[in-house]
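Data block below; observations after.
Note: hydrogens, waters and symmetry copies are ignored here, and every other heavy atom, side chains too, is used. The chains referred to below are lettered A, B, ... by the order of the sequence lines, with proteins before strands, and numbering in each begins at 1.
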Number of protein chains: 2
Amino acid sequence: MRHLSICQALDAEELTQLEDIASDSVFDERVVLFHEEDEASSVFNLTAGVARLIRSLPDGRRQVTGFALPGDFLGLSLEKTWRYSAEAVTPVVACRFRRSVFEAFADKNPQLIKKMHEFASHDLNMAQDHMVLLGRLTAEEKLASFLVEMKKRWSRIAGHEPGLIRLPMGRQDIADYLGLTIETVSRVINQMQRDRKLVIVPDGIRFVDQNYFDALAL
Amino acid sequence: MRHLSICQALDAEELTQLEDIASDSVFDERVVLFHEEDEASSVFNLTAGVARLIRSLPDGRRQVTGFALPGDFLGLSLEKTWRYSAEAVTPVVACRFRRSVFEAFADKNPQLIKKMHEFASHDLNMAQDHMVLLGRLTAEEKLASFLVEMKKRWSRIAGHEPGLIRLPMGRQDIADYLGLTIETVSRVINQMQRDRKLVIVPDGIRFVDQNYFDALAL
DNA sequence: AGCTGACATTGACGCAGATCAAAAACAGCC
DNA sequence: GGCTGTTTTTGATCTGCGTCAATGTCAGCT
C-alpha cells in the first residue's frame, strides 16, 4: 500500500533502503506541517489526506500556491529553508524522511536525483499554468479550471469515487488559490449549480455538463 | 567571457567537453527561439539580449511567465516538448546544445543533474513568488515588485550601468507579465514619475525613492 | 432537541482596473 | 526634414469582482 506512493524512481532494493530512513507522521486538521522560512529538515510524501501550500504577505493576504494530495512530495527542492507553509486541510498521514539522510541517499542514487528533477519540472509546469490562470482568466474560467484539475487529480488516486469531485478544502482556500474572494467563489459555484452545470454534494461537487467545463478550463 | 555564463556546475575539464557540443545562435528582435508544444530539441543558455517566455490562450490572451536575461538557461527540464514559447525582445545570442547530446552528457555527470535540479527549484520559487504577485497584489504593488526584480537581476549582470533599470521589453510585455493591461502599466509608471518616485529615461527607468519601492514590493 | 461557533450564501453597493477612443511620441526610412 | 507605422500616453466611461453587511446552514456538543 505505502509502497505504491513512496517513490517510483527506485528499484526494489533501493526502495527497501529508503523505507529504512522513513517514518510515518500524522497531522490533525489545521495543523501546520512546516512553516515558511523554517529550516527544512524533512522531506514529506503524503500517504493520506490533503494539505494546502501557502505563501503569506506581512499584512495577512494569502496565496495558496497548491494543494498536496496523497502521493505528492514536499521538500524535494532540498533548499535550506521552506519557501511556503503547509497546513493539513484534512487529517494528513505523511511518510517523513530526515532531510540530511534523504540528501545523502540521493547523492548516491543519480536516478533518484533525476526523478526529483522531473518532479520539479512538472511542478514548474503546473506553476506556469497557474500563472496563466491567475493573470488572465475570469472568475468563471478560474473555477472551471480548478474543478477540472481536481477531477483529474482525484481520478489518479486509488479508491476515489469516480464522478465525485472531492473538495475537502474550504471556500476561503479555494479563493486564495484562485486569486478571488470567498464571496466570488461561492457566487460562481452556486450560479453554475443554478445553470445545471454541476451539483453541489456533501464533500464536493459533481459535473452535470462536462462539455461546459472542458470549454472553459485552461 | 562565455565561460562565465556557461555552467557553474562543472570543473574545467567538463566545461571543455560541454563546449564541444555547444554552438552559438543569434536571433533578431521579435524572432521566435522556440514555440509552445514544439519538440524540445535544444537547450539554450543566453549570452546576450533578452527573451520573453510566453504562454498563449486559444483566443489570443497571453501570459508572459518570465523574461530570460543573459546567463539564464532554457530547456533544462528535459521534457519532450516546450511548454511555452520564447521570443527575442532584443537581439539575442544564445549558446545552444543539441538536446540529445546534452542529455547524454548529463547522464554521465550527476553533479550537472543536481545543478539542473537546483536551477529548477529556484525557478519554482520564482514562479511561486509570481503567483502571489498575480493573485494578491495591486497594480501599484505589481509594478513596484517588477521594477525591484529587474533592478536586482540587472545588477548581477556584468557591464550593466548601476542605477539604470533597463526595460528592453515593451509595455505590452510588462502588462502580460503582471496580469494587467498596457494602459494600466503606462498610467501607474507615469503616476510614479509625477510623484517623484522614479524617472523615465531612454531604455528604462531610474529609482528616485528606493524606500518607496522597497516598501511596496513583494 | 437546542445551543454554539465556524463556514457558506446572498444582497446592495463601490471601486480598481478594464475598455474604448483619441492624441502624442518615437523610430525608421527615403 | 517629412512621411509611415508602431508604441505609449492620456482621457472618459464601464464593469467584474471586491467590500460590507446580513442571513442561512451545518456539525459538534451538552
Side-chain angles (χ1 to χ4, degrees), chain A residues 28-31 50 52 57 59-64 87-91 133-147 167-195 198-205 216, chain B residues 28-30 50 52 57 59-64 87 89-91 133-147 167-195 198-205 216:
Chain A
D28 287 339
E29 211 173 312
R30 293 155 183 279
V31 167
V50 176
R52 55 178 169 258
L57 292 171
D59 65 0
R61 282 176 288 179
R62 303 191 319 162
Q63 178 67 38
V64 170
E87 298 172 10
V89 167
T90 65
L133 179 148
L134 290 168
R136 289 299 180 221
L137 299 195
T138 64
E140 189 187 18
E141 291 170 325
K142 285 177 176 180
L143 259 304
S145 298
F146 169 66
L147 295 172
L167 300 177
M169 66 294 288
R171 296 288 187 265
Q172 186 63 60
D173 288 333
I174 298 175
D176 287 337
Y177 182 55
L178 300 178
L180 297 171
T181 59
I182 185 174
E183 294 94 330
T184 298
V185 170
S186 181
R187 271 187 254 274
V188 172
I189 291 185
N190 285 285
Q191 187 58 47
M192 285 172 172
Q193 172 156 251
R194 260 173 251 121
D195 295 344
L198 57 74
V199 287
I200 300 172
V201 295
D203 300 333
I205 64 105
L216 275 183
Chain B
D28 287 339
E29 210 173 313
R30 290 155 185 281
V50 176
R52 55 179 169 256
L57 292 171
D59 65 359
R61 282 177 288 178
R62 305 191 318 162
Q63 177 67 39
V64 170
E87 298 173 9
V89 167
T90 65
L133 178 149
L134 290 168
R136 289 296 179 226
L137 299 196
T138 64
E140 188 187 19
E141 290 169 327
K142 286 177 176 181
L143 259 305
S145 298
F146 169 67
L147 295 173
L167 300 176
M169 66 293 290
R171 297 288 187 264
Q172 186 61 61
D173 288 333
I174 298 175
D176 287 338
Y177 182 56
L178 301 179
L180 297 170
T181 59
I182 184 174
E183 293 95 331
T184 297
V185 170
S186 181
R187 271 187 253 275
V188 172
I189 291 184
N190 284 285
Q191 186 59 48
M192 286 171 171
Q193 172 155 251
R194 261 174 252 121
D195 296 343
L198 56 73
V199 288
I200 300 172
V201 295
D203 300 332
I205 65 105
L216 275 183

Take atom CG of A/Asp203 and atom P of D/dC26, then tell me their distance rounded to the nearest Å. 13 Å

Side-chain touch A/Val185/A/Lys142, heavy atoms, less than 4.5 angstrom: no

Specify the separation, in whole Å, of atom CZ of B/Arg171 and atom P of C/dA24. 19 Å

Whichever of A/Val185 and B/Met169 has the more 5' nearest nucleotide on DNA chain D, that residue is B/Met169

Among the nucleotides C/dT9, D/dC17, D/dT10, whichever has the atom closest to the side chain of B/Asn190 is D/dT10

Using heavy atoms to find the nearest nucleotide of DNA chain C for A/Arg136 and A/Gln191 separately, return the residue whose nucleotide is more 5′. A/Gln191

Tell me the interatomic distance from B/Leu137, atom CG, to C/dG17, atom C1', rounded to whole angstroms. 15 Å

What is the distance, rounded to the nearest whole Å, between atom CD1 of A/Ile174 and atom C1' of C/dA8? 11 Å

Using whole Å, what does the distance between atom P of nucleotide D/dC20 and atom CD1 of A/Ile182 come to? 15 Å

At what distance, to the nearest 0.5 angstrom, does CD of B/Glu140 lie from CD of B/Gln191? 8.5 Å

Atom CZ of B/Arg30 with >12 non-hydrogen neighbours under 6.0 angstrom: no

Tell whether A/Glu183 reaches the base of D/dC20 with its side chain through a donor-acceptor pair below 3.5 angstrom. yes

Selection from D/dT6, C/dT10, C/dT19 that lies nearest to any side-chain heavy atom of A/Arg194: C/dT10

Nucleotide nearest A/Leu180 (side chain, heavy atoms from C-beta), chosen from C/dT9, C/dG17, D/dG18: D/dG18

Provide, to the nearest angstrom, the distance between the CD atom belonging to A/Glu140 and the P atom belonging to D/dT15. 17 Å

Could you pull out all residues at least two apart from A/Arg171 that satisfy salt bridge (charged side-chain N to carboxylate O under 4.0 Å, His left out)? none

Could you tell me whether a side-chain N or O of A/Arg136 sits under 3.5 Å from a main-chain N or O of B/Arg62, the two making a donor and an acceptor? yes

Would one find a side-chain N or O of B/Ser186 under 4.0 angstrom from OP1 or OP2 of D/dT8? no

For the pair made of CG in A/Leu133 and P in D/dC17, what is the distance, rounded to whole Å? 12 Å

Can you see if the side chain of B/Arg30 gets near the phosphate of D/dT7 - specifically, an N or O under 4.0 Å from OP1 or OP2? yes

Between atom CD in A/Gln172 and atom C1' in C/dA8, what is the gap in whole Å? 11 Å

Answer yes or no: side-chain N or O of B/Arg187 and base N or O of D/dG11 forming a donor-acceptor pair under 3.5 Å. yes

Do any side-chain nitrogens or oxygens of A/Thr181 fall under 4.0 Å of OP1 or OP2 in D/dG18? yes

